[in-house]
Amino acid sequence: MVAVLSYLSCIGLWVINTIVMIKKKNPTLLLVLFLTHLFELCTIGLKTGREFGEKDSVSIASCLSFGFLWWLPLRKQMKEETFTDDDFVRRDDDIVIKHD
């Protein structure tokens with residue numbers, strides 16, 4: 001629920017900045033927001049998406065739209081998961097679903 005509210009607030013920020021740009025004919029706030037997200041994308045967003053297995057197009061769109069609200073939870077989740085090679089070994093007692 002927190003993630004949804006965060007994403008909605010970020011979308012609201014984009015909408016408000018777009019309205020301000022149109023009404024006041026001043027794109028400064030919108031450019032600052034875009035350049036900040038572009039900097040995040042180049043420095044950490046694309047790398048995080050690749051490490052998490054996301055497509056580059058998804059990483060680019062998500063980071064440019066939501067910035068750290070997108071990549072920070074991914075990084076936290078990656079740090080919490082500590083997989084080893086033993087986690088990927090199939091054993092006799094594993095439940096396997098076979099598809100026809």
Side-chain angles (χ1 to χ4, degrees):
M1 186 62 154
V2 173
V4 172
L5 292 175
S6 299
Y7 286 165
L8 288 175
S9 65
C10 193
I11 290 170
L13 185 63
W14 277 106
V15 169
I16 290 169
N17 280 324
T18 303
I19 292 170
V20 167
M21 181 191 74
I22 291 170
K23 286 191 175 191
K24 297 194 176 191
K25 296 181 173 74
N26 186 359
T28 305
L29 291 175
L30 195 63
L31 283 173
V32 167
L33 184 62
F34 175 74
L35 291 175
T36 303
H37 286 190
L38 185 63
F39 177 74
E40 282 181 313
L41 173 68
C42 295
T43 57
I44 197 165
L46 200 55
K47 178 183 172 190
T48 301
R50 287 179 180 158
E51 289 174 0
F52 198 71
E54 294 286 349
K55 293 180 182 178
D56 284 349
S57 58
V58 172
S59 298
I60 291 169
S62 298
C63 196
L64 286 178
S65 299
F66 306 115
F68 74 91
L69 294 175
W70 173 75
W71 59 260
L72 190 60
L74 287 181
R75 300 228 15 125
K76 285 182 180 180
Q77 185 177 352
M78 282 190 293
K79 287 182 180 179
E80 289 174 2
E81 293 176 352
T82 54
F83 291 118
T84 62
D85 289 337
D86 189 50
D87 292 321
F88 299 100
V89 174
R90 182 165 294 181
R91 293 176 177 68
D92 292 334
D93 60 339
D94 286 343
I95 298 173
V96 178
I97 299 173
K98 294 183 181 180
H99 297 284
D100 295 326

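Atoms CG and CG, from Leu31 and Leu38 in turn, are 11.0 Å apart once rounded to the nearest 0.5 Å. To the nearest 0.5 Å, the span separating OG on Ser65 from CG on Leu33 amounts to 10.0 Å. The CG atom of Leu30 sits 9.0 Å away from atom CD1 of Ile22, with the distance rounded to the nearest 0.5 Å. How far CG of Leu13 is from CZ of Phe66: 11.5 Å, rounded to the nearest 0.5 Å.
Under the 4.5 Å side-chain criterion, counting only non-hydrogen atoms from C-beta, Ile60 is in contact with Leu46.
The two residues Leu69 and Ser6 make their nearest non-hydrogen contact at CD1-O, 3.4 Å. The heavy-atom pair separating Gly45 from Trp70 by the smallest distance is O-CZ3, 3.5 Å.
In this view, Ile19 and Val15, Lys23 satisfy the side chain to side chain contact (heavy atoms under 4.5 Å, CB included) rule, not counting sequence neighbours. In this structure, Phe34 has no ring-ring contact (aromatic ring centres under 6.0 Å, His included) partners at least two apart in sequence or on a different chain. Take Pro73 and apply the side chain to side chain contact (heavy atoms under 4.5 Å, CB included) test, not counting sequence neighbours, and it matches no residue. The side chain to side chain donor-acceptor pair (under 3.5 Å) search around Ser9 returns none, not counting sequence neighbours. Partners of Lys25 under the side chain to side chain contact (heavy atoms under 4.5 Å, CB included) rule, at least two apart in sequence or in another chain, do not exist in this structure. Phe68 is linked by a side chain to side chain contact (heavy atoms under 4.5 Å, CB included) to Glu40, Trp71, Leu72, counting only residues two or more places apart in sequence or in another chain. Residues that satisfy the side chain to side chain donor-acceptor pair (under 3.5 Å) test with Ser59, not counting sequence neighbours, are absent from this structure.
Hydrophobic clustering, defined by side-chain heavy atoms of Ile, Leu, Val, Met, Phe, Trp and Tyr closer than 4.5 Å, leaves Phe39 isolated from every other such residue. Through direct or relayed side-chain contacts under 4.5 Å between Ile, Leu, Val, Met, Phe, Trp and Tyr, Val4 connects to Leu8.
For residues 48-68, the set of pairs meeting the salt bridge (Lys or Arg N to Asp or Glu O under 4.0 Å) definition, not counting sequence neighbours, comprises Arg50-Asp56, Glu51-Arg75. For residues 10-21, there are no side chain to side chain donor-acceptor pair (under 3.5 Å) pairs, not counting sequence neighbours.
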- Query: Is there a side-chain contact (heavy atoms from CB on, under 4.5 Å) between His37 and Cys42 once you walk through the steps?
  - Reply: CA-CA 9 Å; His37 286 190; Cys42 295; over 6 Å; no
